[in-house]
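The analysis underlying the following values was restricted to heavy atoms, covering all of them including side chains, and did not include hydrogens, waters or symmetry mates. We count ligands from 1, going down the list as the structure has it; atoms in each ligand are counted the same way.
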Amino acid sequence: MPETVDVLVVGAGQAGLGTAYRLQRLGVRDLLMVDAGEVGQSWLDRWDSLQLFTPRRFSQLPGLRFPSGPTPTPSREEIAGYLRDYARRWGLPVREQTPVRRLTRDGDGFCAETPGGEVRARQVVVASGAFRHPYVPAAARDLAVPQLHSADYRSPDDVPPGRVLVVGGGNSAAQLAVELSASHDVTVASAREPRYLPERALGVSLFDWLLVSGVLNADRDRPLARRIRARGDAVVGRDLDRLRRQGAVRVLPQRVVSAAGDRVGLSDGSTELVASVLWCTGFAPDTGWVDVPGALDDDGAPRHHRGASPVPGLHWMGLPWQTRVNSGLVDGVDRDARRTAARVHRALSAVPGRQGRWLPPVTWTRPSSPSRSPR
Ligand SMILES: Cc1cc2nc3c(=O)[nH]c(=O)nc-3n(C[C@H](O)[C@H](O)[C@H](O)COP(=O)(O)OP(=O)(O)OC[C@H]3O[C@@H](n4cnc5c(N)ncnc54)[C@H](O)[C@@H]3O)c2cc1C
């Protein structure tokens, strides 16, 4: 007999956990979360020295304060540990090592195929991460030197000695170019001149400025948000710019347009001789397992309006720009999670004969430790 639940959340990263927390608060009890790996795993799968660019206070979910630590921003181990603590603290029903291999329509609901059997659910929240499929430009095919995507990079030992071209203009490219500059001859090719933002200004953290100025939470449809999106990711911190000015790293505001052997062609017509290439060129979500008519567009990207799929009962969480500037960041999860949880709750409450199954919203006992976040 397949297992049946009211709500299945696929993915137990920050987006899945934050949604499950809000669902529980609305009194939704028949809830299952499944994750292909372990809670926090996606952070541990990133490079060894990864340091979040968001300060601790902006790296937390509602209901649990991020612990203080020796650095202003958390390491990948700290955020993974925090997410594990979060799942435990709120008793979120996570089943680890349970990948959904295929999600299909099943009557009014859905059927998720997992190695342990089928799970049927009335409502499904897909929170499986927007940064899963490494993207590399087509030119990569024509390279004859070692190349790596940032998703597979762990430490400078992974990059052969000599001249490395780091391709990308976001925070990953900046962090890795700085790290590699201690041991390699580094050139950065970024489609446009990177925009550097200081970590602090006038003694106040950048993220506090972004919060009070309304930038961080700006709705995606506001002109301000549209302008920010059009300008592309900014780099938090000035380390790369400092190295560039010292001549320790070259930064070329050029797009990679071609490659041949050990030469990479740039958009200004010049070529760069390289010993290796590190692609920091972004990701796409992995939606290959979603086999639900109408759920994806022709490119396999989620079809949605602010996280709501046109397929009734299907919801997306954790998509960059889902509703706001910070939808893809830890800090942005809660606003979207409240909205998604409310939509799921409404849909369940509307099912005839199911109203009395819902427990009233839970009255939470405040944990006694001081670690509860003020939000
Ligand atoms: C290099 C890098 C640095 C970043 N730094 C920051 C930062 O400093 N601050 C910040 O706020 N944000 C940062 N982000 C953005 C974002 O916060 C992270 O990507 C974060 O991991 C997204 O959380 P998520 O829950 O949406 O997805 P994920 O963390 O990817 O979690 C998704 C989960 O879904 C599971 N899953 C996937 N497919 C399936 C399936 N078919 N069945 C079951 N489970 C499945 C995975 O195992 C995974 O555990 C960064 C992103 C990257 C790539």
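A 6.0 Å sphere centred on CG of D268 holds more than 12 heavy atoms belonging to other residues, nucleotides or ligands. Other residues, nucleotides and ligands contribute over 12 non-hydrogen atoms within 6.0 Å of the CZ atom of R46.
Within the 4.0 Å heavy-atom cutoff, S59 does not count among the residues contacting ligand 1. At least one heavy atom of R132 lies less than 4.0 angstrom from ligand 1. Within the structure, ligand 1 lacks D286 among the residues with a heavy atom less than 4.0 angstrom away. Distances from ligand 1 to the non-hydrogen atoms of W47 include at least one value under 4.0 Å. For Q14, the heavy-atom gap to ligand 1 drops under 4.0 angstrom. Note on ligand 1: A130 sits outside its first shell, no heavy atom being nearer than 4.0 Å. The closest approach between L103 and ligand 1 stays at or above 4.0 Å for every heavy atom of the residue.
Interface of P99 with ligand 1, defined as ligand atoms under 4.0 Å from a residue heavy atom, comprises 42 (N), 43 (C). Within the listing of ligand 1, atoms 32 (C), 34 (O) sit less than 4.0 angstrom from a heavy atom of A127. For ligand 1 and T98, the ligand atoms under 4.0 Å from any heavy atom of the residue are 43 (C). Short contacts between ligand 1 and G328, defined as distances under 4.0 Å to a heavy atom of the residue, involve ligand atoms 15 (C), 16 (C), 17 (O). Atoms of ligand 1 lying under 4.0 Å from any heavy atom of W289, numbered from 1 in the order shown and given with element: 41 (N). Using a 4.0 Å cut-off to heavy atoms of G37, the atoms of ligand 1 that qualify are 47 (O).
For atom 36 (N) of ligand 1, the nearest non-hydrogen atom from the set S128, A112, P74 comes from S128. Distances from atom 41 (N) of ligand 1 to the heavy atoms of L52, D35, L44, V100 show the closest one on V100.
At least one N or O atom of F53 sits closer than 3.5 Å to an N or O atom of ligand 1. Any N or O atom pair closer than 3.5 Å counts here, and A15 shares at least one such pair with ligand 1. Inclusion of V330 in the set of residues having an N or O under 3.5 Å from an N or O of ligand 1 is warranted. Geometrically, ligand 1 and S42 share a nitrogen or oxygen pair separated by less than 3.5 Å. Residue-to-ligand polar distances place T54 within reach of ligand 1: an N/O pair is separated by less than 3.5 Å.
For atom 34 (O) of ligand 1, the closest heavy atom belonging to the protein is G11 CA, 3.2 Å. The closest protein non-hydrogen atom to atom 13 (C) of ligand 1 is W43 CH2, 3.5 Å. The protein heavy atom nearest to atom 27 (O) of ligand 1 is G129 CA, 3.3 Å. The protein heavy-atom contact nearest to atom 44 (N) of ligand 1 is A36 N, 2.9 Å. Nearest non-hydrogen protein atom to atom 51 (C) of ligand 1 is R46 NH1, 3.8 Å. Protein heavy atom in closest approach to atom 12 (N) of ligand 1: L329 CD2, 3.4 Å. Protein heavy atom at the shortest distance from atom 31 (O) of ligand 1 is G13 CA, 3.6 Å.
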Could you walk me through whether D221 and R226 pass the side-chain contact (heavy atoms from CB on, under 4.5 Å) test, one step at a time?
CA-CA 7 Å; D221 292 333; R226 290 212 185 108; 4.2 Å; yes
Applying side chain to side chain donor-acceptor pair (under 3.5 Å), run through S49 and E179 and close with a yes or a no.
CA-CA 9 Å; S49 66; E179 171 161 282; 2.6 Å; yes
Evaluate H184 against R163 for side chain to side chain donor-acceptor pair (under 3.5 Å), listing each step before the verdict.
CA-CA 6 Å; H184 289 70; R163 178 178 286 189; over 6 Å; no
Show the numbers, then the answer: is there a side chain to side chain donor-acceptor pair (under 3.5 Å) between T98 and T114?
CA-CA 6 Å; T98 307; T114 76; 5.9 Å; no
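With salt bridges taken as basic N to acidic carboxylate O contacts below 4.0 Å, none links R238 and E199.
Neither the backbone nor the side chain of S150 has a heavy atom within less than 4.0 Å of ligand 1. Proximity of S172 to ligand 1, defined as any heavy-atom pair under 4.0 Å, is confined to the side chain (atoms from C-beta onward).
Ring geometry for Y153 against W47 counts as perpendicular: the plane angle is over 60°, on a 0 to 90° scale with 30° as the lower cut.
Side-chain atoms of S190 never come within 3.5 Å of backbone atoms of E193 as a donor-acceptor pair (strictly under, hydrogens ignored). The main-chain N or O of T340 is never found under 3.5 Å from a side-chain atom of R306 such that the two would form a donor-acceptor pair.
No side-chain heavy atom of R120 sits less than 4.5 Å from a side-chain heavy atom of E3. When side chains are defined from C-beta on, L180 counts as touching L278, because their heavy atoms get closer than 4.5 Å. Side-chain contact between R339 and T323: present, with at least one pair of heavy atoms (C-beta onward) separated by less than 4.5 Å. The shortest side-chain heavy-atom distance between V344 and L23 falls under the 4.5 Å cut-off.
For F283 and H149, the ring centers sit closer than 6.0 Å to each other.
Under the salt bridge (charged side-chain N to carboxylate O under 4.0 Å, His left out) criterion, R303 pairs with no residue at all, not counting sequence neighbours.
Residue pairs meeting the side chain to side chain donor-acceptor pair (under 3.5 Å) criterion with at least one partner in residues 276-290, sequence neighbours excluded, are Q147-W279.
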